Amino acid sequence: MGLLLPNRSLNRPQAFIWLCLVHCIVCTQGLAIAQQWSDTVLPVPLTVGYAVRLVDLNRDNRLDIAIVDSKRVLWLENPTWQTHVIWETLDAAADNVCFAPHDIDGDGDIDFAVGYDWQPNNTKSGGAIGWLESPADPRSLWTHHLLTKDEPTTHRMNWADIDGDQKKELIVAPLKGRNAIAPGWDDQGVRVSRWDAPSNPKSAWSNSTIESSLPVMHNFQVLDFDRDGRDDLLLASFEGVHLWSQKGKSNEKSLTRLGSGHEGKAPEKGSSEIRLGLMENKRRFIATVEPWHGNEIVVYEEPASNSTASGKATLWPRQVIDAELKWGHAVACANLDADDADELVIGVRDESLPHRCGVRIYDRQSDGTWQRSLVQPGQVAVEDLAVGDLDGDGQNEIIAVGRATKNAVVYRKKR
């Protein structure tokens with residue numbers, strides 16, 4: 001948005017009035033954009049709502065909403081949003097924390113890898129990994145299979161084909177390195193591991209370390225960054241943003257730093273949440289929350305000339321586009337307005353009045369700035385969010401799950 005600046009010097013009262021006018025115009029425009037979104041509160045009370053994914057579980061060609069809550073895993077059936085609890089851990093001392101959908105046993109339906117026994121400050125023991133086997137009717141209880149009880153601070157997981165063999169491996173990233181100590185937690189690197197399911201996934205899985213040099217890793221994204229047919233990993237850690245890749249017949253591994261992260265002293269440093277998006281000219285950007293559990297929304301735009309060969313690349317320029325928040329805790333990049341570029345969707349978890357928690361949308365303007373709009377500020381204390389087309393109309397919806405607000409809400413753009 002362009003604003004006309006005054007062409008003469010202003011005294012202090014006049015300057016104050018002018019700034020108030022500018023603030024009013026910006027807020028009004030942001031409010032108008034926010035009012036383009038309607039909200040549907042889903043009929044499911046949550047305790048935390050650690051993770052949400054969109055996946056067609058009953059094979060009716062509609063995306064359902066799956067949620068990992070603190071003591072249960074459940075899904076809401078599209079379009080009635082009837083709740084189906086598929087696994088409960090009511091007597092567990094610690095919480096469930098993450099999951100990753102995939103047809104693990106090859107029977108044609110979707111199963112879940114799950115991470116649980118969430119003890120964020122216990123870096124010596126605990127941290128469980130298992131998988132939930134879907135029955136013929138996914139509305140029934142699923143069968144749990146344990147893989148390990150000893151992967152401390154297990155926090156994030158995704159499926160990826162990192163070696164190009166057309167078979168996906170489970171990639172697991174704890175939050176902290178084993179035996180890391182407070183207050184910085186940066187004295188040990190995180191063990192990022194791959195878990196390979198055998199032909200009979202009910203038997204033991206093999207696992208190996210693929211990266212262990214980066215301390216405190218809050219999130220990562222799976223994507224084919226260089227379009228070579230193999231999945232790569234974008235990693236957000238205390239050391240900023242890194243691209244992890246595995247190349248060639250020898251499966252040579254490389255780790256390339258793309259973003260500097262927030263420069264500070266642990267634990268207030270580096271990058272936290274992370275996602276890759278596309279700008280209008282097909283150049284890419286990386287969106288992060290910084291520092292760890294931080295108050296900055298950061299965009300790294302891909303340089304015009306950039307190479308990641310041999311682990312060397314120019315750092316992508318860092319731009320803080322918002323710092324009026326407390327504890328950003330979810331990031332998505334998706335096209336919300338049918339143009340040629342992605343918008344950036346951010347979930348803010350905590351209140352820091354006058355700045356509210358909730359969903360925020362950022363749209364890149366032609367001058368390189370990012371226009372912010374707030375969607376129902378204060379409605380959801382966002383722990384996680386997902387973006388997808390729930391009703392098949394070609395338009396994406398936003399699904400946000402809350403911690404302090406203990407709710408799940410679908411935001412749909414008005415026509």
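Position 1 is the first residue of the sequence; numbering continues from there. It should be emphasised that the depicted structure is a prediction, and the values quoted were computed from it without experimental measurement.
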Measure the acute angle between the ring planes of [X] and [Y], then classify it against the limits of 30° and 60° as parallel, tilted or perpendicular.
| X | Y | value |
| --- | --- | --- |
| His329 | His218 | perpendicular |
| Phe285 | Trp370 | perpendicular |
| Trp75 | His84 | tilted |
| Trp87 | Tyr116 | perpendicular |

Please name the pair of heavy atoms, one in Ile274 and one in Phe220, separated by the smallest distance, quoted to 0.1 Å.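 Reported closest heavy-atom pair: CG2-CA, 4.0 Å.
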Closest approach of Ile171 and Ile162, non-hydrogen atoms and distance?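 That would be CD1-CD1, 4.1 Å.
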Carboxylate-amine/guanidinium contact [X] [Y], below 4.0 Å:
| X | Y | value |
| --- | --- | --- |
| Glu239 | Lys269 | yes |
| Glu151 | Arg191 | yes |
| Glu397 | Arg412 | yes |
| Arg72 | Glu88 | no |
| Arg349 | Glu383 | yes |
| Arg356 | Glu351 | yes |
| Lys167 | Asp165 | no |
| Arg318 | Glu301 | no |
| Arg372 | Glu324 | yes |

Examine distances only and state if a side-chain atom of Asp64 and a backbone atom of Leu57 form a donor-acceptor pair shorter than 3.5 Å.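 Checking the backbone N and O of Leu57 against the side chain of Asp64, a donor-acceptor pair under 3.5 Å is found.
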If you take the centroid of each ring, where Trp contributes its six-membered ring, are Phe238 and Trp292 closer together than 6.0 Å?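 Yes, the ring centres sit under 6.0 Å apart.
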Is NZ or CZ of Arg230 both nearer than 6.0 Å to the six-membered ring centre of Phe225 and within 45° of the ring axis?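 Negative - Arg230 is either too far from the ring of Phe225 or too far off its axis.
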Check for me whether Lys176 meets the cation-pi criterion with Trp185, that is, NZ or CZ under 6.0 Å from the six-membered ring centre and within 45 degrees of the ring axis.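 That pair qualifies as a cation-pi contact.
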side-chain hydrogen bond (donor to acceptor under 3.5 Å, both in side chains) between Gln221 and Asn219, worked out: CA-CA 7 Å; Gln221 182 182 9; Asn219 214 335; over 6 Å; no
Could you point out which residue of Val348, Thr288, Leu325 forms a side-chain contact (heavy atoms from CB on, under 4.5 Å) with Ile297?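 The option that passes is Leu325.
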